[in-house]
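Comments concern the structure below.
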Amino acid sequence: MAIKYGRPIETRARLHPVETPAQAADPLDLPTRMRRNRRSEWARRLVREHALTTDDLIWPLFIAEGKSTPVASMPGIERLSIDDAVRAAERAAKLTIPCLALFPYTDPGLRDEHGSEALNPDNLVCRAIRAIKKEIPEVGVLCDVALDPFTSHGHDGLMRDGVILNDETVAVLTKQALVQAQAGCDIIAPSDMMDGRVGAIRKALDGAGFTDVSIMSYAAKYASAFYGPFRDAVGSSATLTGDKRTYQMDPGNSEEALREVELDIAEGADMIMVKPGMPYLDILARVKDAFGMPTFAYQVSGEYSMIMAAAQNGWLDGEKAMIESLIAFKRAGADGVLTYFAPRVAEKLKKI
Ligand code: PBG
């Protein structure tokens with residue numbers, strides 16, 4: 001007899017609709033009552049399949065020169081001065097958040113066509129890495145590798161005649177990765193979606209003696225409207241010309257995501273990421289299933305802002321939506337989540 005989900009299928013079919021115990025002639029043929037395991041909090045806790053802990057969190061921080069300033073499209077989020085970023089790292093350590101992700105807001109005057117400031121060993125993000133690793137070495141630091149916070153056109157790569165150049169961009173990205181590794185970055189996270197960049201970065205890191213620096217590739221990254229608030233935060237929405245559809249993935253594709261991930265693993269990625277998060281849980285589940293790699297989801301800025309905006313309007317319970325959205329990533333197979341909710345959810349989990 002075919003057994004699926006604990007009871008013989010035929011029995012389950014016969015039991016539909018649910019009979020009351022009195023009607024069941026055969027005492028062994030009692031109706032399944034799914035609600036028994038839900039009737040009290042202790043029972044729900046006992047049978048819960050997935051749990052969110054502070055170990056699942058990567059906290060993205062925006063860094064800026066000078067004083068901390070709010071990001072208008074992301075309620076509760078600021079671009080932090082380096083000093084405040086160090087304080088955030090301290091808070092992360094206290095909350096046992098394992099890792100931070102740093103994103104610089106580059107002064108518009110320092111942006112150019114080639115994104116040259118990305119290669120300045122003393123640029124904002126490198127100074128932030130050094131300051132954080134000096135004060136709070138036990139917290140991991142992840143850095144984005146891509147040129148968009150540094151280019152005057154807001155694209156992740158070099159552009160000629162309106163075309164984003166692949167191999168020329170990869171050559172610059174490997175240098176950017178080295179500059180960040182030299183500053184003390186623990187995880188290099190290429191988010192640019194150029195072909196071949198993971199292998200090139202791995203080779204460059206190893207060649208320079210950074211064999212212990214990890215790579216988390218933004219392996220399946222979609223061309224998404226949900227990045228809008230992030231682009232405000234790093235100042236690239238003002239500069240971005242056109243869109244990123246010639247390098248980021250088409251939202252209509254899923255097989256292609258598996259090929260992207262497979263390539264990045266073959267090229268040496270230690271961890272992989274799917275992005276955005278909630279609209280792409282199917283991709284996350286398939287990727288985790290297919291490769292069994294340490295797999296991360298990025299709950300992106302637009303997802304954060306949607307929940308915050310609805311909560312501020314009183315349209316939903318923000319705290320509950322936050323927790324529910326994050327447990328969904330765990331259920332889909334994520335080993336961790338990059339989320340702007342990280343400190344808030346960690347406080348809740350630790351009951352602070
Ligand atoms: C840069 C980058 C982006 C995000 C992370 N790294 C934006 C983009 O690709 O345009 C988005 C993160 C978010 O929306 O929170 N390459």
Side-chain angles (χ1 to χ4, degrees), residues 57-63 71-79 99-106 111 115 117-118 125 142-151 153-159 164 166 169-170 172-173 176-177 180 185 187-194 197-198 201 215-251 260 264 272-280 296-309 322 325-326 329 336-342:
L57 304 170
I58 298 179
W59 180 8
L61 298 179
F62 298 112
I63 318 279
V71 179
S73 53
M74 298 182 74
I77 302 294
E78 291 187 313
R79 297 182 198 93
C99 190
L100 302 171
L102 306 184
F103 298 96
Y105 172 90
T106 308
R111 297 177 198 226
E117 180 65 7
V125 81
L142 174 153
C143 273
D144 226 51
V145 165
L147 298 181
D148 54 326
F150 307 99
T151 50
H153 46 67
H155 278 286
D156 293 24
L158 302 175
M159 189 161 72
I164 304 301
N166 194 87
T169 298
V170 171
V172 179
L173 298 177
Q176 183 186 15
Q180 293 175 351
C185 175
I187 304 179
I188 297 293
S191 74
D192 54 287
M193 292 300 280
M194 297 301 121
R197 90 282 205 213
V198 172
I201 290 172
I215 297 179
M216 179 191 290
S217 73
Y218 287 71
K221 176 171 175 179
Y222 286 84
S224 174
F226 293 99
Y227 307 151
F230 173 97
R231 292 178 187 166
D232 285 344
V234 301
S236 67
S237 50
T239 52
L240 185 62
T241 45
D243 58 51
K244 302 191 177 183
R245 288 183 297 174
T246 68
Y247 44 108
Q248 299 180 345
M249 284 180 58
D250 187 317
E260 280 284 6
D264 284 6
I272 49 176
M273 190 204 297
V274 172
K275 179 180 173 208
M278 214 144 76
Y280 296 85
F296 294 79
Y298 199 143
Q299 181 178 53
V300 300
S301 55
E303 299 175 61
Y304 170 87
S305 296
M306 282 196 301
I307 293 175
M308 291 299 287
M322 166 181 83
S325 68
L326 292 169
F329 292 113
V337 188
L338 290 92
T339 174
Y340 301 95
F341 287 121

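Keep in mind that what you see is a predicted model, and the values were worked out from it rather than measured. For ligands, and for the atoms within them, numbers begin at 1 and follow the listed sequence. Note that the numbering runs from 1 along the sequence shown for the chain.
At the shortest separation from atom 12 (C) of ligand 1 among protein heavy atoms lies Phe230 CD1, 3.3 Å. At the top of the distance list for atom 5 (C) of ligand 1, counting protein heavy atoms only, stands Lys275 NZ, 2.7 Å. Among protein heavy atoms, atom 14 (O) of ligand 1 sits closest to Ser301 OG, 2.7 Å. For atom 8 (C) of ligand 1, the closest non-hydrogen atom on the protein side is Lys244 NZ, 3.3 Å. Shortest contact from atom 6 (N) of ligand 1 to any protein heavy atom: Asp144 OD2, 3.1 Å. The protein non-hydrogen atom at the shortest distance from atom 1 (C) of ligand 1 is Asp148 OD2, 2.8 Å. Lys221 NZ, 2.7 Å is the protein heavy atom nearest to atom 9 (O) of ligand 1.
Using a 4.5 Å heavy-atom cutoff, the side chains of Thr241 and Met159 are in contact. Residues Phe103 and Pro149 fail the side-chain proximity criterion, which asks for heavy atoms closer than 4.5 Å.
Under a 4.0 angstrom heavy-atom cut-off, Asp192 registers as lying outside contact with ligand 1. Within the 4.0 Å heavy-atom cutoff, Tyr304 does not count among the residues contacting ligand 1.
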- request: Dump the intermediate steps for side chain to side chain contact (heavy atoms under 4.5 Å, CB included) on Ile307 and Phe341, then the final yes or no.
  value: CA-CA 10 Å; Ile307 293 175; Phe341 287 121; 3.9 Å; yes
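Annotation: Phe62 is in aromatic contact with Phe230 [ring centroid separation under 6.0 Å].
Residues Ser236 and Asp148 bring no donor and acceptor atom of their side chains to less than 3.5 Å of each other. No side-chain donor from either of Ser325 and Glu303 sits under 3.5 Å from a side-chain acceptor of the other.
For the pair Lys221 and Tyr227, the distance from NZ or CZ to the six-membered ring centre is under 6.0 Å and the angle to the ring normal is within 45 degrees.
Every atom of ligand 1 with a heavy atom of Arg231 under 4.0 Å away is listed here by number and element: 8 (C), 10 (O).
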